[in-house]
Amino acid sequence: MTDSLKDWRRTHYSREVKPEMNSPKVTLMGWIHEIRDLGGIIFLLLRDRDGITQITAPSKKVSAKLFEEIRSLRKESVVAVEGTVQESPQAPGGVEIIPQRILLLNTSHQPLPLDPTEKVRAEIDTRLDSRFLDLRKHSVNSIFKIKSRMLHSVRVFLENQEFIEINTPKLVASATEGGTELFPITYFEREAFLGQSPQLYKQMMMATSLDKVYEIAPIFRAEEHDTLRHLNEAISIDVEVAFADQKDVMTLLENLVANAIKDVKEHCREELDTLGMDLDVPETPFPRVDYAEVVDLVNSKGVNLHYGDDLSRAAEKALGEIMDSYYFITNWPSEIKPFYVMPNRKNPKISHAFDLMYRDLEISSGAMRVHLHDLLVERIKGKGLNPDSFNRYLAAFQYGMPPHAGWGLGAERFTMCLTGAKNVRETVLFPRDRRRLTP
RNA sequence: GCCCUGGUGGUGUAGGGGCUAUCAUGUGGGCCUGUCGAGCCCACGACUCGGGUUCAAAUCCCGGCCAGGGCGCCA
């Protein structure tokens, strides 16, 4: 039998319960983390959003009825405890609650599918199957508190610079952008696709008075990649700025990244400690490494990389051994960058594209874009694509498209940098990968 | 998609032709008034599925499914 909540309400969270508290009567609500029944005294550990408080029930100090109620509790049951705060040198944190009344709000089946106290670790697959329980672990929910703070920081940073938040469609008609595989879906009587990137939409905004925009939204890629760095659904932080070139948006990006790291370091101290992370705020500007120099560096490490190739995994790893923080790779060959990337006027074989790396991990790529209609058509054809299928996009370039630049930053990959997660799945509540579609 | 490795109680594991299938944690019960990875006692609970080899398969072989790692793919 469970109790109803009635007019009980939480007065404090665990982290607010301090030995020196001057309001001795409190109501805490949470889960039973541990039970230590010593016979004449029972210790309950009550866990809530970011802390654990010891509830101490000595048989001499609580009623016999309450004592039996406490004795019958099971791990992970949901309870509300009303009691008095007691300073106690023997208690964890020097403070404990002597209970007066307890509500059992809900029970938990036993045994649990994994151990929230982390005495026995569980594999990622087991954890993701029971993600709701996994997320009760402080080491797991800390990742999402940090991710949330990072996104908050990014929004504040961009809003302060008068960026406008936009929302572009995720249901799209065309698979003709080339490159990555798309997820096909049924759109009434037609076929449609899940959007792989807001790229073309945010560029079209450059031809409007919404000429500094950002979007934080999911992107979908139907690649069969099966690695620790790839997801089939991810969050992209996309930015596009008119009347700007790649240098402007690189400055914007590095300041945004450094600012987010500083902000997380300041506001998520406890979560970072839990994860054993000691974040260094990188100095700006970040180093710029020319693509041609990257090729030389990688080859000097004994990894074969030809000029004109995209970075292989081995090349990224070799680079990561040389560069130990954030850095840009610039002046990429036009050949291996998308059609909308602006080639260098003097040497069109080189483009105004850049990647932002953290050690061996690519976290962002961006560029100055092609804003000239005829050049864009030429570039689309050059990539073996049909300009006709880009009509609605290309039209925006015929009626006054300013020069512009932008980038997309992978929210999960950036979160990996902030939390030390080795597997990108750790940074998504319910990851979608090659095999996983539930929960 | 390719390569490698694996699948043993709820969880994490040991074992690797014949064992009562190991250990920890857990769960259920008992003892214990200062635990804090509490302790002690008792009990419970497992060999991924299908086929094959063999007197005998959790163990060897083949196939499926699932998972982990590496790579590729990732405009």
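Every chain is numbered from 1, with letters handed out A, B, ... down the list of sequences.
Residues A/Thr2 and A/Asn106 have side chains that never bring a donor and an acceptor to within less than 3.5 angstrom of each other. Between the side chains of A/Gln86 and A/Thr56, not a single donor N or O lies within less than 3.5 Å of an accepting N or O.
No salt bridge links A/Asp125 with A/Arg425; every basic N to acidic carboxylate O contact stays at or beyond 4.0 Å.
For A/Leu73 against A/Ile32, the heavy-atom pair with the smallest separation is CD1-CD1, 4.1 Å. In terms of heavy-atom proximity, A/Leu305 sits nearest to A/Val295 at O-CG1, 3.3 Å. Here the closest heavy-atom approach between residue A/Pro343 and residue A/Arg379 is recorded as CG-CD, 4.0 Å. Contact detail for A/Val140 and A/Arg127: the closest heavy-atom pair is CG2-NH2, 3.8 Å.
In this view, A/Glu34 and A/Arg36, A/Leu45, A/Lys75, A/Thr117, A/Lys119 satisfy the side chain to side chain contact (heavy atoms under 4.5 Å, CB included) rule, not counting sequence neighbours. Residues satisfying the ring pair (Phe, Tyr, Trp, His ring centres under 6.0 Å) criterion with A/Phe243, sequence neighbours excluded, are absent altogether.
Residues from residues 347-368 of chain A lying near RNA chain B, meaning a heavy-atom separation below 4.0 Å, are absent. The stretch residues 131-143 of chain A has no heavy atom under 4.0 angstrom from RNA chain B at all.
Within the structure, ring-ring contact (aromatic ring centres under 6.0 Å, His included) contacts touching residues 352-372 of chain A (residues at least two apart or in different chains) are A/Tyr326-A/Tyr358, A/Phe328-A/Phe354.
Judged by closest nucleotide on RNA chain B, A/Arg74 is the one of A/Arg74 and A/Ile41 placed further toward the 5' end. Along RNA chain B, the nucleotide nearest A/Glu34 and the nucleotide nearest A/Arg313 are compared for position; the residue whose nucleotide lies closer to the 5' end is A/Glu34.
Contact annotation for A/Gln110: backbone-only contact, meaning every heavy-atom pair under 4.0 Å involves sugar-phosphate atoms and none involves a base. At the heavy-atom level, A/Ser88 lies under 4.0 Å from base atoms of the strands shown. Nucleic acid contact class of A/Pro113 (heavy atoms, under 4.0 Å, all strands): sugar-phosphate only. As judged by a 4.0 angstrom heavy-atom cut-off over every strand, A/Leu228 is placed among residues touching the sugar-phosphate backbone only. Nucleic acid contact for A/Ile124: sugar-phosphate only, since backbone atoms but no base atoms lie under 4.0 Å from a heavy atom of the residue. Contact annotation for A/Arg434: backbone-only contact, meaning every heavy-atom pair under 4.0 Å involves sugar-phosphate atoms and none involves a base. As judged by a 4.0 angstrom heavy-atom cut-off over every strand, A/Lys61 is placed among residues making no nucleic acid contact. Contacts of A/Ala91 with the nucleic acid, taken as non-hydrogen atoms under 4.0 Å apart, include base atoms. Residue A/Lys383 is out of contact with every strand shown, counting any heavy-atom pair closer than 4.0 Å.
In this structure, of B/rU33, B/rG12, B/rG10, it is B/rG10 that holds the atom nearest to the side chain of A/Pro111. Distance from the side chain of A/Ser312 is smallest for B/rG72 among the nucleotides B/rG12, B/rG72, B/rC32. Set against B/rG34, B/rU27, B/rA67, the side chain of A/Glu123 has B/rA67 as its closest nucleotide. For A/Val120, taking side-chain heavy atoms from C-beta onward, the closest of the listed nucleotides B/rA24, B/rU33, B/rG72 is B/rA24. Each of B/rG69, B/rU25, B/rG34 was ranked by its minimum atom distance to the side chain of A/Asp115; first place goes to B/rU25. Among the nucleotides B/rU13, B/rA75, B/rG69, the one closest to any side-chain atom of A/Arg121 is B/rU13.
With rounding to whole Å, A/Asp226 atom CG is found 13 Å from B/rG72 atom P. Look at CZ on A/Arg127: it is 16 Å from P on B/rA67, rounded to the nearest Å. Atom CG of A/Asp125 is separated from atom P of B/rC65 by 16 Å (rounded to the nearest Å). Counting to the nearest Å, the C1' atom of B/rG70 and the NE2 atom of A/His225 are 16 Å from each other. As rounded to whole Å, 17 Å separates atom C1' of B/rU13 from atom NZ of A/Lys119. The nearest whole Å value for the distance from the CD atom in A/Glu316 to the P atom in B/rC73 is 11 Å. The CG-C1' distance, from A/Asp433 to B/rC66, rounds to 13 Å in whole Å. Whole-Å rounding puts the A/Asp310 CG to B/rC71 C1' distance at 15 Å.
Side chain of A/Lys202 to main chain of A/Val239: a donor-acceptor pair is present (N/O by atom type, distance under 3.5 Å, no hydrogens or angles). Between the A/Thr126 side chain and the A/Ala122 main chain, no donor and acceptor come within less than 3.5 Å of each other. Without hydrogens or angle criteria, A/Ser108 side chain to A/Ser77 main chain gives no donor-acceptor distance under 3.5 Å.
Remark: A/Lys422 is not in phosphate contact with B/rG68, judged by side-chain N or O atoms under 4.0 Å from OP1 or OP2. OP1 or OP2 of B/rG1 has not a single side-chain nitrogen or oxygen of A/Arg435 nearer than 4.0 Å. Residue A/Arg221 places no side-chain N or O under 4.0 Å from the OP1 or OP2 atom of B/rC73.
A donor-acceptor contact under 3.5 Å links the side chain of A/His230 to the base of B/rC74. For A/Glu223 and B/rG72, a side-chain-to-base donor-acceptor distance below 3.5 Å is absent, hydrogens and geometry of angles not being considered. Side-chain to base pairing of A/Thr126 with B/rU11: no donor and acceptor N or O lie closer than 3.5 Å to each other. Between the side chain of A/Gln199 and the base of B/rA75, no donor-acceptor pair under 3.5 Å is found. Side-chain to base pairing of A/Gln54 with B/rU35: one donor and one acceptor N or O lie within less than 3.5 Å of each other.
Under the 6.0 Å cut-off for aromatic ring centres, A/Phe390 and A/Phe339 qualify, their centroids lying closer than that.
Remark: the separation of the C1' atoms in B/rC66 and B/rG45 is 23 Å, to the nearest Å. When the C1' atom is used for both B/rU11 and B/rC44, the distance is 16 Å, rounded to whole Å. Taking the C1' atom of each, B/rC47 and B/rG37 are spaced 29 Å apart, rounded to whole Å. B/rU48 and B/rG9 have their P atoms separated by 7 Å, given to the nearest Å. A gap of 23 Å separates the C1' atoms of B/rG18 and B/rC23, to the nearest Å.
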Practice prompt. Can you run through RNA chain B from 5' to 3' and write each base as (, ), [, ], | or . depending on how it pairs? Watson-Crick or G-U wobble, both distances under 3.5 Å.
Written response: (((((((..(((.....[....)))((((((.......))))))...(((((..]....))))))))))))....
Discussion item. Run A/Glu412 and A/His230 through side chain to side chain donor-acceptor pair (under 3.5 Å) and show every step you take.
Written reply: CA-CA 9 Å; A/Glu412 282 79 17; A/His230 288 91; over 6 Å; no
Discussion item. Assess the residue pair A/Thr53 and A/Ser14 against the criterion (side chain to side chain donor-acceptor pair (under 3.5 Å)); give the C-alpha distance rounded to whole Å, side-chain angles, the decisive distance to 0.1 Å, and a yes or no.
Written reply: CA-CA 5 Å; A/Thr53 295; A/Ser14 278; 2.8 Å; yes
